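Just so it is clear, the model here is predicted, and its values are computed rather than measured.
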Amino acid sequence: MGPRGSALICGYTTYHKLVEESLAELKKKEDCLLCPTGFSANMAVMTALGSISSLLAVGRKPAEDERIAIFSDALNHASIIDGIRLLERQQEALVFVYKHCDMFHLDFLLSSCSMVKKVVVTDSLFSMDGDFAPFPELVKLRRKYGFLLVIDDAHGTLVCGENGGGAAELFDCENDIDISVGTLSKAAGCQGGFIACSTRWKSLIQSRGRSFIFSTALPVPVVASVHAALYVSRKERWRRSVVWRHVQYFASLTRVDITSPIISIVVGSEEAALRAGRNLLRSGFHVTPIRPPTVPPNSCRLRITLSASHSSDDIKRLVDALTPWLPDKHAEQSYAAVSKL
């Protein structure tokens, strides 16, 4: 497995450096920091941000104007939420949660906040609903209020954009993202997390991000596999094209309005979701039911992720197996017509 220790002691190798350089180039950022997991990457960013107020107020409680204000989407990943809760408990930040992808609400909260240091953090592609953050509107608000924009691009990295640069590349706003967090266990098919940012931000996170500092670094064979995955992603762009063709094909067969390879079909109760999962497994499809606490009660769902390894025939058979749980478009259209009357 190579040297086993934290990155700051003996766990950092040439392989780690190569992967960090590759990810920084992919994300159009000055630098990058490898972390043991995507969860630890988000926690490291949040704790480093919170440390700013304590650095400014050595030996005393931070004054109001030394603290930071964090604005977080209501459906952000648990690792972001836990990091924010830690800052709240340590009184290092004030936290404002805005309604999911609601830019009017975010604008209102930003305009109502008198604090100078503002941070907006959001998932780029939401894992339970498969929808994108409204990047064009976020960029406009960033230019209006001058906040630090942090995204968790776990599900966009290597999937979105011509080069696989992620959701920011897809929406042509890479220069407007200050910190891009990601995982290496999704499209990369490996293990680990990363933080793509400026060299100054990397220095702060290295020295203040406790989940990075006190964790054993990724093993060399895993890091080498990440390096290989990034090479494959650069050379075999057809894989991304296949994924997005599958998205279009699934949408054409079901008439379900989807915008990404993450497809969420809400079935309601836990019992209904478990029953649906068992039926799909008997049909040859492993679709794990998503239940509380991951999603709210009575919004249990079947979460499907399309990949380049699937075939068109796989998708056709999946849609056939899903038929009992797919929305009835004809019924919806009839209801809409009656509503107009």
Side-chain angles (χ1 to χ4, degrees), residues 27 29-31 33 35 38-57 62-103 105-124 126 133-135 137-154 167-168 173-182 193 195-198 200-212:
K27 292 292 183 179
K29 292 290 174 280
E30 185 182 10
D31 218 327
L33 181 68
C35 295
F39 199 109
S40 68
N42 270 325
M43 289 291 289
V45 170
M46 291 298 112
T47 52
L49 287 171
S51 72
I52 293 172
S53 59
S54 56
L55 287 170
L56 293 171
E64 188 72 20
D65 62 342
E66 292 171 329
R67 298 168 73 189
I68 63 171
I70 297 181
F71 301 81
S72 176
D73 189 287
L75 296 187
N76 275 341
H77 189 264
S79 54
I80 296 174
I81 295 170
D82 284 2
I84 287 172
R85 285 174 176 169
L86 181 61
L87 300 191
E88 281 188 302
R89 186 175 182 84
Q90 294 177 336
Q91 297 184 336
E92 292 179 328
L94 286 180
V95 178
F96 303 87
V97 177
Y98 61 90
K99 298 173 186 176
H100 178 52
C101 289
D102 189 333
M103 295 298 97
H105 189 210
L106 176 58
D107 192 359
F108 171 76
L109 292 174
L110 287 165
S111 64
S112 304
C113 179
S114 61
M115 298 172 71
V116 176
K117 302 177 185 65
K118 297 181 176 71
V119 179
V120 172
V121 57
T122 180
D123 283 15
S124 64
F126 290 86
F135 279 95
E137 290 81 3
L138 279 168
V139 168
K140 289 179 183 177
L141 289 177
R142 179 180 178 270
R143 292 170 183 170
K144 180 179 178 181
Y145 292 102
F147 55 73
L148 187 84
L149 181 54
V150 180
I151 67 168
D152 180 354
D153 203 21
C173 61
E174 291 162 299
N175 293 333
D176 294 289
I177 308 301
D178 296 293
I179 299 176
S180 181
V181 181
I195 305 162
C197 55
S198 68
R200 292 183 70 187
W201 276 114
K202 178 179 177 177
S203 297
L204 179 68
I205 297 166
Q206 277 181 315
S207 62
R208 296 289 165 171
R210 292 169 65 86
S211 59
F212 164 79

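Summarising the geometry of A44 relative to I195, their closest heavy-atom pair is CB-CD1, 4.3 Å, with the distance given to 0.1 Å. Counting all heavy atoms, side chain and backbone alike, R67 lies closest to L94 at NH2-CD2, 3.6 Å. Nearest approach of L49 to I68, heavy atoms of both residues: O-CD1, 3.5 Å. The two residues C173 and F135 come nearest to each other via the heavy atoms SG-CD2, 3.6 Å. Summarising the geometry of A167 relative to S124, their closest heavy-atom pair is CB-CB, 3.7 Å, with the distance given to 0.1 Å. Between S79 and N42, the closest heavy-atom pair is OG-ND2, 2.9 Å.
With hydrogens and angles disregarded, a donor-acceptor distance shorter than 3.5 Å links the side chain of D178 to the backbone of L149. Side-chain atoms of D153 never come within 3.5 Å of backbone atoms of G182 as a donor-acceptor pair (strictly under, hydrogens ignored). A donor-acceptor pair is defined here as one N or O able to donate and one able to accept, closer than 3.5 Å; no such pair exists between the side chain of K27 and the backbone of C197. No side-chain donor-acceptor contact under 3.5 Å links S112 to the backbone of L109. Side-chain atoms of S211 come within 3.5 Å of backbone N or O of S40 as a donor-acceptor pair. Under a 3.5 Å cut-off, the side chain of R210 and the backbone N or O of T47 do not form any donor-acceptor pair. In terms of modelled atom types and a separation under 3.5 Å, the side chain of N76 and the main chain of V121 share a donor-acceptor contact.
For the atom pair I81 CD1 and E88 CD, the distance stands at 11.0 Å (nearest 0.5 Å). Summarising the geometry, atom CD1 belonging to I151 is positioned 9.5 Å from atom CD belonging to E174; distances are rounded to the nearest 0.5 Å. Put simply, CZ on F212 and NZ on K202 are 8.0 Å apart, with the number rounded to the nearest 0.5 Å. To the nearest 0.5 angstrom, M46 atom CE is 11.0 Å from L86 atom CG. Once rounded to the nearest 0.5 Å, the distance linking CG of L75 with NE2 of H100 reads 4.5 Å. For the atom pair CH2 of W201 and CG of L33, the computed distance is 13.5 Å after rounding to the nearest 0.5 Å.
Using a 4.5 Å heavy-atom threshold, the side chains of L106 and E137 count as separate. Contact annotation: the side chain of R200 never approaches that of L204 to less than 4.5 Å [non-hydrogen atoms, C-beta and beyond]. You'll find the side chain of L110 stays beyond 4.5 Å of the side chain of Y98, heavy atoms only. Looking at heavy atoms from C-beta onward, D176 lies out of side-chain contact with L138 at the 4.5 angstrom threshold. Counting heavy atoms from C-beta on, the side chains of R85 and R89 never come closer than 4.5 Å.
For the side-chain contact (heavy atoms from CB on, under 4.5 Å) with L148, the qualifying choice from I177, I179, V120, I70 is I179, the only one to do so.
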Point to revise | Candidate pair V95 and L87, rule side chain to side chain contact (heavy atoms under 4.5 Å, CB included), full reasoning | key: CA-CA 9 Å; V95 178; L87 300 191; 5.6 Å; no
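Below 30°, between 30° and 60°, or above 60°: for F96 and F71 the angle between ring planes is below 30°, a parallel geometry.
Between the side chains of D107 and Y145, at least one donor-acceptor pair of N or O atoms lies under 3.5 Å.
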